[in-house]
Amino acid sequence: MFKQQNDIFLLSTKNTSLVLRKNEQGTISSEYYGPRIPNIEGCFGLAMPHTNPTGNSAVKEENGFVSLDSVNAIYSTYGIGDYFYPSIVLNNDKTNIFDFAFKGLEVGKPHKNPLFPTPQDANEEVVITCFDSATSTTLKLHYFIYEESDVIANYAEIRNDSDDILHIKRCASLQLSLVNRDFELISTYGSWANEGNIEITPIKYGRFIVESTSGSSSAKHNPFIYIRQKNHAIDDGLAYGFNLVYSGNHEESVEMDPFQNIRIQTGISSLGLDKTIGHKESFVTPIAVMSFSKDGQVGLSHNFSKFVNESVIRKEFQYKDRPIIYNNWEATGPSFTKEKLFLLMEKAKDLGIETFVLDDGWFGNRNDDSHGLGDWFVNEDKLPGGLKSLSDKANELGLSFGIWMEPEMVNDDAVVYKEHPDWIINDGLHKTIKGRNQYTLDLRKQEVQDFAFESVANTLKSANINYLKWDYNRPMASFPDGVGNFVYDYMVGLYKVLDRVVTAFPNILFENCAGGGNRFDLGMLSFFPQSWMSDDTDIHVRANLQKAFLVGYPLSVFSNHVSAKTSNQLLRYSSLESKFDIASFGVLGYELDLNDLTPLDEEIIKKQISFYKEHRHMLQFGEHSLIQDLDVEHKLIQQVQNDSEVIVSYYSMLQLPNPRNDFLLAKGLDADATYVYENRQETLNIKKFGHLINNLSPVHIGEDSLAQAELASKQGMDGEVTKGKALGSVLMGLGVPLPDEWKMTGLNPGTRVMGDFAARLYVIKKE
Ligand code: DGJ
């Protein structure tokens, strides 16, 4: 909802309002962003008073004593008295100074950003136009209001109406000014197989920046950041979240001045940016999004989850149940035979899996990662009968079939590279830098876009394929036109290709991947509804990822696979049961050698899959809330909820000796209603008890003996059953005590045998 009276502009969503104001000199400032203000009268008096001048400030003549440095501007340039870091840096041959003043405002139906993905179904678009008459330059700020999800989006457009060439050196999508209320900033850092680590930074005097310069949004720092009030519960206090609908280099900054005014900027990275526009040409930024909640990070997570599910995910996949996938990568790598794949398919079907995905290695001369990328034709020596024979076999069994591709890359033995060596990115002077033995194709070029599209289209048409994992496995280098310009143009090219692909194949389920989470962002999610979050399937790494990213993204985009008990990445052992408990929060898959499963493992997986199918819609699309972070007793407690039930996931990183009691806790229940709760009963591996198994066994069984392994392959031990009834107020308050953990004092009925890196699920339903 938009309302205006004189110089006050009120942009409201269901629960939030952003109040903007045009001041006497035409600068637009953000005076308030917080709980909803129902009418324009409620905005009067919110503007910063500025009644007393600040000494030693630069003041425009017509402005009396208000220095731009103390105005909470929603865009800023330098050289006119605003000494925060500018959100926009421009120049032409005559000047570096650009002073934009309000010219007009339009409200209406939303229009798409001309170059970058635009979240759908905004209620209104508000366009604020500002103009610098000295240089004939126009700045348009486009605001989109998403009422139901409490999100406001924003991008900037610059138009050159002069005859001078205009250089754009920096242009953030969004700038928001707030007064510090004892905030701290939460951002993420990471690397391959180690994405999504949380960094908590106090807001300090000065400027703090996270950015990516490697060509993709990157695992180094995700573009999602938020600020929250310190020393508040996770579901209490003011919280503001920001994200970018963009997949290239980005920059988020938070700056605080000596008066505790904070400026948040988010947008493309300005490293190496120098876009030029001529007479009557325009430049646009990608779209940034922001949300406010008074309920801390949990409130923010509800807003962003709704927003992404409803406005970012394409309609074809909105709230559409995602299949349980088997992917062969961690089991076979690129070395497999058709017979091996058939055996895996049969096992997958038997376990209840729904889609079989053949990962890297089916094409060209691809048996390791130095050959074949770009040769998107099947390797008939390896797979006689081609993809069709595989999809036929999968379909006969009742499975759907999926495939892996990496359409933006080539190896140097690829036919396409030999024919078109100029299609890869290179500056024309230096030897091209490889990454994972491969080159990046230059998607700025129309013919390269056509090649990428046709490679995908031909593959999808060659067999009955329902799913495609789109990978991107190296950072960029050897940029031809300065990193800033190149990455911006590459993204424009990439989005054109993605748009063509999903328009031609709207019902194929695409999974976004970049060697795991190296390009996990709202730009990619605008085309591909789910994402391979990491090449690390270790239980702890995955639990960490959930904790970091479920604040800004919904469960439905998290693709999680249960992998072998000993993790490929860390050699950490954790049970299939616990791995499932974590992987089930989101889109479930399996990625281990199914032919190595013991009869007991098979039984366990079958039960997991039937549990998942029973609760799938909620586990993929329910509302996620963090209940307790790992800093309390090393236990991460989170839940997912729909109208009728709640599932609580309880993850213990480190078992403490002789620990205190644990409690089953939940959120969002009806305080006066009675709930029944029950755990998903698990099967324990008898090997976990080591030599202690002899306390129960009539014959002696040595620890790690063949006899123990043989027994463990067939026989498990029933885990504890936890069942009961409790009032909603109790579950939301002090909680219900859970059975004692193992304490070395024997195995009593109901002992909760957890250990390190272990988890449980509890289902809570209204009686
Ligand atoms: C990186 C992905 O993240 C893996 O899952 C796998 O698909 C490999 N690439 C294949 O090369």
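Heavy atoms only: backbone and side chains are in, while hydrogens, waters and symmetry mates are out. We count ligands from 1, going down the list as the structure has it; atoms in each ligand are counted the same way. We're numbering straight along the sequence, starting at 1.
Atoms of ligand 1 found under 4.0 Å from any heavy atom of C513 (numbered from 1 in listed order, with element): 2 (C), 3 (O). Taking every non-hydrogen atom of W532 and a distance limit under 4.0 Å, the qualifying atoms of ligand 1 come out as 3 (O), 5 (O). Those atoms of ligand 1 with a heavy atom of G515 less than 4.0 angstrom away are 1 (C), 3 (O).
With a 4.0 Å cut-off on non-hydrogen atoms, M405 does not touch ligand 1 at all. Only side-chain heavy atoms of N473 come within less than 4.0 Å of ligand 1; its backbone N, CA, C and O stay farther off.
In summary, of the residues considered (Y467, F356, F401), a ring pair (Phe, Tyr, Trp, His ring centres under 6.0 Å) with Y326 occurs for F356 alone.
Any N or O atom pair closer than 3.5 Å counts here, and R366 shares no such pair with ligand 1. In terms of polar-atom proximity, defined here as any N/O pair under 3.5 Å, K469 does make such a contact with ligand 1. In terms of polar-atom proximity, G516 is counted as a contact of ligand 1, with an N or O under 3.5 Å from an N or O of the ligand.
Of the protein's non-hydrogen atoms, the one nearest atom 11 (O) of ligand 1 is D360 OD2, 2.6 Å. With respect to atom 6 (C) of ligand 1, the closest heavy atom belonging to the protein is D359 OD1, 3.3 Å. Of all protein heavy atoms, the one closest to atom 4 (C) of ligand 1 is D535 OD1, 3.3 Å.
Checked by atom type, the side-chain pair S391/N464 shows no donor-acceptor distance below 3.5 Å. Between the side chains of K382 and T337, no donor-acceptor pair of N or O atoms lies under 3.5 Å. Between the side chains of E406 and W470, no donor-acceptor pair is found at a separation under 3.5 Å.
Residues D413 and R366 have side chains not in contact (no heavy-atom distance under 4.5 Å, counting atoms from C-beta outward).
Outside the 6.0 Å centre-distance limit, the rings of F505 and F510 are not counted as a close aromatic pair. Taking the six-membered ring wherever Trp is involved, the centroid distance between the rings of F307 and Y553 does not fall below 6.0 Å.
Between D471, N518, N327, it is D471 that holds the heavy atom closest to atom 1 (C) of ligand 1.
Geometric assessment of R322 against the ring of F317 yields a negative cation-pi assignment under the 6.0 Å and 45° thresholds.
Distances shorter than 4.0 angstrom occur between a heavy atom of R436 and an atom of ligand 1.
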Please walk me through it: do E316 and R314 pass salt bridge (Lys or Arg N to Asp or Glu O under 4.0 Å)? CA-CA 5 Å; E316 288 85 356; R314 286 187 293 120; 3.3 Å; yes
